[in-house]
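Only one structure is covered here, and it is reproduced in the block below.
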Amino acid sequence: MSVTTLTGEPASLPETTGTEPNRDLIARAGALRPLIGEHADKGNREGRVVPEVIDAMAGQGLLSLTVPRRYGGAETNSRTTVDVLAELARADGSTGWSAMLLNVGNWFATTWSVRAQDEIWAADPAARCCVVLAPSAKGRRVDGGYVVTGRWPYASGSYAASHAMMGFLAPQADGGMRHALGILHPGEWTVERSWFPIGMRATGSDTVVAEEVFVPDHRVQYFHDMVAGDYATELRHAEPRANAAFLPTGTIIFGAVQIGLGRAALEQSVARMKAKGVPGTAYTESRNSPVHQVSVAQAASKIDAAELLAHRSCRDIDEAALRGEYLDQLTRARVRNDTGHIVTLVQEAVDLLLKAAGSSSFMEASPLARIFQDVGTGGSHVHATPGIANDVYGKLLLGAEGSLPVEV
């Protein structure tokens with residue numbers, strides 16, 4: 001993979017070790033914020049992050065954060081991934097979201113066998129995977145694999161992906177069905193435009209379409225096995241990231257985008273309040289108003305708390321992976337619960353900030369209005385919403401009877 005500095009010079013990807021954040025990669029994300037912001041409106045209009053931004057992120061190694069170093073990727077930890085995504089989302093929520101799904105799709109792919117990984121990256125280290133976990137199709141068992149036909153909506157980042165990792169129901173010898181994930185190669189799938197939301201407009205979360213595609217067995221894994229950490233990769237002992245917990249790794253990243261959006265809302269609202277008055281009151285400047293001071297302080301604390309929760313979850317994921325241990329169920333549930341609470345905290349913070357910054361914040365042309373819409377849309381993802389997360393975590397804390405409503 002070709003990685004360049006911002007001046008166009010060749011550069012290698014910095015190595016990440018342990019649980020500490022890779023500050024070089026995070027700084028690269030921060031340095032791209034002006035470029036991302038410049039193209040955000042166009043991306044919103046076109047329904048996808050523009051090629052100039054995708055190419056810039058790829059050139060800095062920010063779309064190969066989770067690709068193994070043996071293919072030229074950064075093979076970085078969860079903490080670095082979360083902080084990079086937060087930086088990107090500070091510039092534009094859709095850009096952070098697209099980078100999030102492409103990087104987690106790549107990491108999911110690293111849990112497959114080396115044979116399947118080689119088919120993705122050996123010839124093209126810049127290959128990227130989009131992913132839809134939901135089993136939106138039914139496979140047909142044939143010799144050596146499955147034939148799959150289906151449509152998978154909400155495939156974020158599919159416009160910038162070469163491979164698609166799609167969920168389907170796989171018939172079993174006993175007549176039952178199992179939830180499986182299959183990797184589709186270039187030319188085996190297309191994208192149908194279907195994403196027209198009020199927020200996160202440029203994520204290109206369109207519909208992946210496949211017609212009678214043969215997916216060989218070595219490109220198939222069962223979802224329940226992956227949730228339990230029973231991965232197909234042969235490199236569990238050689239690569240610590242191959243031990244990371246499946247759903248927690250793929251869940252805490254949703255909090256990263258929310259945190260980045262919260263930071264952006266805080267910066268923009270504070271700048272606005274420093275320059276505006278409070279009509280109808282004795283305060284000629286918002287910065288001297290106790291009401292506005294309290295709102296800003298409360299919002300900043302909520303965003304800080306959200307970031308601390310994310311970092312704790314990352315530390316737990318990364319430490320367990322380094323020890324070669326699979327994260328226990330209670331902690332996995334807590335990571336999902338933390339993600340839901342991050343969503344709640346950031347939404348509360350953004351609401352405080354925009355109301356304090358004034359009604360002009362909600363005008364269509366205001367960058368704050370887009371943040372408001374992105375926070376709401378991004379926070380509605382099933383892996384980010386707090387309700388189910390609270391239910392699962394509470395059941396496990398209390399040792400409640402019966403099965404869990406979702407796997408964690």
Side-chain angles (χ1 to χ4, degrees), residues 29 33 36-37 40-41 43-44 47-49 53 57 81-105 130-134 153-160 194-206 247-268 299 302-303 305-307 309-310 313 335-354 362 366-389:
R33 283 171 54 206
I36 294 169
D41 285 340
N44 259 22
R48 56 185 58 187
V49 179
V53 172
M57 290 193 292
T81 301
V82 159
D83 286 355
V84 165
L85 295 175
E87 278 296 298
L88 297 174
R90 279 175 69 191
D92 175 52
S94 291
T95 300
W97 190 277
S98 296
M100 171 184 73
L101 267 297
L102 291 168
N103 276 299
V104 81
C130 64
V131 57
V132 176
L133 296 179
Y154 309 118
S156 302
S158 52
Y159 59 91
S194 60
W195 180 246
F196 303 101
I198 63 168
M200 292 292 182
R201 294 179 182 175
T203 61
S205 302
D206 295 311
L247 286 179
T249 300
T251 298
I252 193 60
I253 51 176
F254 290 98
V257 174
Q258 296 286 307
I259 291 164
L261 287 166
R263 292 284 180 213
L266 180 63
E267 293 161 6
Q268 294 181 33
K302 288 175 183 291
I303 296 164
E307 185 175 70
L309 283 173
S313 290
V335 170
R336 181 160 183 162
N337 193 69
D338 284 354
T339 304
H341 197 49
I342 288 167
V343 168
T344 299
L345 288 168
V346 172
Q347 288 179 334
E348 291 173 349
V350 170
D351 187 58
L352 280 168
L353 289 166
L354 266 71
F362 294 91
S366 169
L368 282 168
R370 186 166 66 230
I371 291 172
F372 182 80
Q373 292 170 317
D374 286 349
V375 164
T377 303
S380 70
H381 192 284
V382 67
H383 285 284
T385 52
I388 294 295

[atom1]/[X] to [atom2]/[Y] distance, rounded to the nearest 0.5 angstrom?
{"X": "Leu353", "Y": "Leu266", "atom1": "CG", "atom2": "CG", "answer": "5.5 Å"}
{"X": "Leu102", "Y": "Met100", "atom1": "CG", "atom2": "CE", "answer": "9.5 Å"}
{"X": "Arg263", "Y": "Glu87", "atom1": "CZ", "atom2": "CD", "answer": "10.0 Å"}
{"X": "Trp97", "Y": "Ile253", "atom1": "CH2", "atom2": "CD1", "answer": "8.5 Å"}
{"X": "Thr95", "Y": "Met200", "atom1": "OG1", "atom2": "CE", "answer": "9.5 Å"}
{"X": "Ile388", "Y": "His383", "atom1": "CD1", "atom2": "NE2", "answer": "11.0 Å"}

Which atom pair, heavy atoms only, marks the closest approach of [X] to [Y]?
{"X": "Ile303", "Y": "Ile259", "result": "CG2-O, 4.4 Å"}
{"X": "Ser156", "Y": "Leu101", "result": "CB-CG, 3.7 Å"}
{"X": "Leu88", "Y": "Ala29", "result": "CD2-CB, 3.9 Å"}
{"X": "Gly204", "Y": "Trp195", "result": "N-CD1, 4.0 Å"}
{"X": "Val49", "Y": "Ser94", "result": "CG2-O, 3.9 Å"}
{"X": "Gln268", "Y": "Pro367", "result": "OE1-CB, 3.3 Å"}

Self-check item: Criterion side chain to side chain contact (heavy atoms under 4.5 Å, CB included) on Leu345 and His341, from CA distance to verdict
Solution: CA-CA 6 Å; Leu345 288 168; His341 197 49; 3.7 Å; yes
Below 4.5 Å, heavy atoms only, C-beta onward: do [X] and [Y] meet side chain to side chain?
{"X": "Asp92", "Y": "Arg370", "result": "yes"}
{"X": "Phe254", "Y": "Val343", "result": "no"}
{"X": "Val375", "Y": "Gln258", "result": "yes"}

Quiz item: Is it true that atom CZ of Phe372 has more than 12 heavy atoms of other residues, nucleotides or ligands lying nearer than 6.0 Å?
Solution: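 No.
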Quiz item: Okay, side chain of Asp206, backbone of Ser194: is any donor-acceptor separation there less than 3.5 Å?
Solution: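 Yes.
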Quiz item: Sub-3.5 Å donor-acceptor pair from the side chain of Thr385 to the main-chain atoms of Gly387, do we have one?
Solution: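 The answer is no, because no donor-acceptor pair under 3.5 Å joins these two groups.
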Quiz prompt | Positive for side-chain hydrogen bond (donor to acceptor under 3.5 Å, both in side chains) with Ser313, one of Thr251, Asn337, Thr249, Asp338 | solution =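 Output: one option passes, namely Asp338.
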Exercise. Evaluate side chain to side chain contact (heavy atoms under 4.5 Å, CB included) for Leu247 paired with Val335, printing each intermediate quantity in order.
Key: CA-CA 9 Å; Leu247 286 179; Val335 170; over 6 Å; no
